[in-house]
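Down below is the structure, laid out as structure tokens.
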Amino acid sequence: MKAVLIREFGDPDGLEVVDVPVPPPAPGQVRITTEAIGVGGVDAVIRRGTLAAYGFREGHLLGSEVAGTVSALGEGVDASWKGRRVWAFTGLSGGYAEHAVASVADVLALPDGLTGVDAVALGGSGVVAHFALDRARLAPGETVLVRGAAGSIGITAVQLAARGGAGAVAVTTSSAERGARLRDLGATHVLDRSGDGGSDALPGFDVVIDVVAGPGLPGFLDRLNPGGRYVAVGVVGGQPPADFGMRLMDGFRRSLSFATFSSDTVPGPDRQAVRAAQFAEAAKGGLRTVVHRTLPLDQAALAHRDMDEGRVFGRVVLTP
């Protein structure tokens with residue numbers, strides 16, 4: 001089968017299309033013939049070699065979420081899964097391929113009316129957005145800033161915050177055109193990447209959901225209101241400065257809090273329950289997915305180049 005792996009860490013040209021054997025499903029797994037493959041920010045971070053210290057090596061087959069049809073079952077898997085259209089989490093590898101395997105516990109049947117492309121635009125990111133807002137204890141009437149709102153996590157967080165009754169939903173983004181699109185999704189205030197919004201800026205925020213991190217993170221800690229909560233859900237802009245915690249200590253009397261959030265810490269059944277509800281909402285048009293564009297699997301390097309150059313609004317999806 002055709003697959004895409006990291007031949008060399010670094011820029012997107014280090015990705016290589018290869019032929020590899022079709023993977024057999026292990027006990028408790030299913031094999032999926034893929035129809036849509038999500039391209040996420042974590043894929044780019046792995047590709048650059050940023051996470052090499054965590055065991056990722058050159059030769060790694062990228063991809064963590066796919067949608068398609070179950071074509072084979074491992075030992076112990078209920079026969080009713082065979083032939084069903086599903087979304088699946090493949091771990092942090094194995095998704096950029098014509099066939100992928102996943103634990104049946106990480107597989108969810110797709111509702112009628114939801115395409116595979118829309119499923120991978122929402123499946124992983126929607127759960128992160130939901131539980132990040134929950135971790136932040138965002139209450140109706142409070143103000144929230146979504147930093148890095150043009151990606152799939154940010155787009156879903158904007159919608160969920162607006163639907164949840166936030167008093168204001170601010171976003172950072174790179175252009176007026178993107179700001180207009182985010183307003184259409186529920187944003188009420190648009191700031192540039194530095195947090196400058198001119199007359200549109202709020203003096204502070206009760207909650208910040210940050211997909212970016214990077215060197216600019218400490219400046220956004222300063223924007224928290226007293227009692228404010230900051231939740232970092234990604235590092236697409238790189239790691240923050242090593243001493244960023246000093247900003248929290250400098251604001252000691254304002255009772256600020258900072259947390260990281262990974263959906264890995266949420267029990268699997270809870271993730272799946274939220275994901276199923278979001279899929280049902282998306283199928284009915286109540287929760288909107290945004291797909292930047294779809295590309296053939298063998299153009300994965302182009303998808304990564306789009307991400308690296310900041311051209312993506314929503315999610316890029318690969319199709320075999």
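Heads up: numbering here begins at 1 and tracks the sequence. No hydrogens, no waters, no symmetry mates; every other heavy atom, side chains included, goes into these values.
Note on Leu15 and Val42: same hydrophobic cluster, where clusters join Ile, Leu, Val, Met, Phe, Trp and Tyr whose side-chain heavy atoms are under 4.5 Å apart, directly or indirectly. Residues Tyr96 and Trp87 fall into different hydrophobic clusters, defined by Ile, Leu, Val, Met, Phe, Trp and Tyr side chains chained together at heavy-atom separations under 4.5 Å. Hydrophobic clustering (ILVMFWY, side-chain heavy atoms < 4.5 Å, transitive): Val211 and Val235 are in distinct clusters. Transitive grouping of hydrophobic side chains (ILVMFWY, heavy atoms separated by less than 4.5 Å) brings Leu287 and Val171 into a common cluster. Residues Ile155 and Val146 fall within the same hydrophobic cluster, defined by Ile, Leu, Val, Met, Phe, Trp and Tyr side chains chained together at heavy-atom separations under 4.5 Å.
Listed by chain and number, the residues in a salt bridge (charged side-chain N to carboxylate O under 4.0 Å, His left out) with Glu16 are Arg7 (sequence neighbours excluded). In this view, Arg193 satisfies the salt bridge (charged side-chain N to carboxylate O under 4.0 Å, His left out) rule with no residue, not counting sequence neighbours.
The shortest non-hydrogen separation linking Ala129 to Ala157 is CB-N, 3.6 Å. Contact between Ala67 and Ile32 at its shortest, heavy atoms only, is C-CG2, 4.4 Å. Nearest heavy atoms, Ala102 versus Ala88: CB-CB, 3.9 Å. Considering every non-hydrogen atom in both Asp308 and Arg47, the closest pair reads OD2-NH2, 2.6 Å. The two residues Ala121 and Thr289 make their nearest non-hydrogen contact at CB-CB, 4.2 Å. The two atoms that bring Val30 and Pro25 nearest to each other are C-CB, 4.0 Å, heavy atoms only.
A side-chain N or O of Asp192 and one of Ser194 form a donor-acceptor pair less than 3.5 Å apart.
Taking 4.5 Å as the limit, every side-chain heavy atom of Glu98 sits out of range of all side-chain heavy atoms of Glu35. Contact annotation: the side chain of Leu297 approaches that of Val4 to within less than 4.5 Å [non-hydrogen atoms, C-beta and beyond]. A heavy-atom distance below 4.5 Å is found between the side chains of Phe313 and Leu182. With a 4.5 Å cut-off on side-chain heavy atoms, Pro241 and Pro218 count as touching. Val117 is listed as a side-chain neighbour of Thr294, based on a closest heavy-atom distance under 4.5 Å. In this structure, the side chains of Val233 and Ile153 come closer than 4.5 Å at one or more pairs of heavy atoms. Side-chain contact between Val104 and Gln29: absent, with no pair of heavy atoms (C-beta onward) separated by less than 4.5 Å. Residues Leu248 and Met246 form no side-chain contact, since every pair of their non-hydrogen atoms from C-beta on lies 4.5 Å or further apart.
Formation of a donor-acceptor pair under 3.5 Å by the Thr34 side chain with backbone atoms of Ala36 is not found in this model. Checked by atom type and distance alone, the side chain of His292 never pairs as donor or acceptor with a backbone atom of Gly314 at under 3.5 Å. Put simply, the side chain of Gln278 gets close to the backbone of Gly126: a donor and an acceptor are under 3.5 Å apart. No side-chain donor-acceptor contact under 3.5 Å links Thr33 to the backbone of Ser71. Remark: side-chain polar atoms of Gln272 are paired, donor with acceptor, to backbone N or O of Val107 under 3.5 angstrom. Side-chain atoms of Ser257 never come within 3.5 Å of backbone atoms of Gly227 as a donor-acceptor pair (strictly under, hydrogens ignored). Side-chain atoms of Arg271 do not come within 3.5 Å of backbone N or O of Val128 as any donor-acceptor pair. One N or O on the side chain of Arg31 and one on the backbone of Pro23 form a donor-acceptor pair closer than 3.5 Å. Formation of a donor-acceptor pair under 3.5 Å by the Arg254 side chain with backbone atoms of Leu224 is found in this model. No donor-acceptor distance shorter than 3.5 angstrom exists from the side chain of Asn225 to the backbone of Gly228, with no hydrogens or angles considered.
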Evaluation steps, side-chain contact (heavy atoms from CB on, under 4.5 Å), between Thr156 and Leu122:
CA-CA 8 Å; Thr156 308; Leu122 179 62; 3.9 Å; yes
Could you walk me through whether Val169 and His189 pass the side-chain contact (heavy atoms from CB on, under 4.5 Å) test, one step at a time?
CA-CA 6 Å; Val169 181; His189 297 71; over 6 Å; no
Chi angles and distances behind the side-chain contact (heavy atoms from CB on, under 4.5 Å) call for Val39, Val317:
CA-CA 6 Å; Val39 179; Val317 177; over 6 Å; no
Show your reasoning for whether side-chain contact (heavy atoms from CB on, under 4.5 Å) applies to Val86 and Trp81.
CA-CA 9 Å; Val86 299; Trp81 282 106; 3.8 Å; yes
Salt bridge (charged side-chain N to carboxylate O under 4.0 Å, His left out) between Arg288 and Asp118: does it pass, once the steps are laid out?
CA-CA 9 Å; Arg288 294 160 62 183; Asp118 286 335; over 6 Å; no
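Between Phe205 and Phe220, the gap from one ring centroid to the other reaches at least 6.0 Å.
Salt bridge absent: Asp11 and Arg48 never bring a charged side-chain N and a carboxylate O closer than 4.0 Å. Here Arg137 does not pair with Asp206 in a salt bridge; the nearest charged N to carboxylate O distance is not below 4.0 Å. Using a 4.0 Å cut-off between charged side-chain N and carboxylate O, Arg229 and Glu142 make a salt bridge. A salt bridge links Asp306 with Arg293: the closest approach of a Lys/Arg side-chain nitrogen to an acidic carboxylate oxygen falls below 4.0 angstrom.
Below 30°, between 30° and 60°, or above 60°: for His60 and Phe56 the angle between ring planes is above 60°, a perpendicular geometry.
The distance from atom CG of Asp112 to atom CG of Leu110, rounded to the nearest 0.5 Å, is 9.5 Å. With rounding to the nearest 0.5 Å, the separation of NZ in Lys284 from CG in Leu114 is 12.5 Å. Atom CG of Leu318 sits about 5.5 Å away from atom CD1 of Ile37, to the nearest 0.5 Å. Remark: Ser93 OG to Leu62 CG distance equals 9.0 Å, nearest 0.5 Å. Interatomic distance, CG of Asp19 versus CE of Met1, reported as 9.5 Å (0.5 Å rounding). With values rounded to the nearest 0.5 angstrom, Leu217 atom CG is found 5.0 Å from Leu221 atom CG.
Sorted by first and then second residue, the salt bridge (charged side-chain N to carboxylate O under 4.0 Å, His left out) pairs with a member in residues 57-82 read Glu65-Arg315; sequence neighbours excluded. The list of ring-ring contact (aromatic ring centres under 6.0 Å, His included) pairs with a residue in residues 138-169, not counting sequence neighbours, is empty.
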Result block: side-chain N/O donor-acceptor pairs under 3.5 angstrom for residues 263-270, not counting sequence neighbours:
unit_1	atom_1	unit_2	atom_2	d
Thr265	OG1	Ser262	O	2.7

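Listed by chain and number, the hydrophobic cluster partners of Met249 are Phe252, where partners are ILVMFWY side chains within reach of under 4.5 Å, directly or through others.
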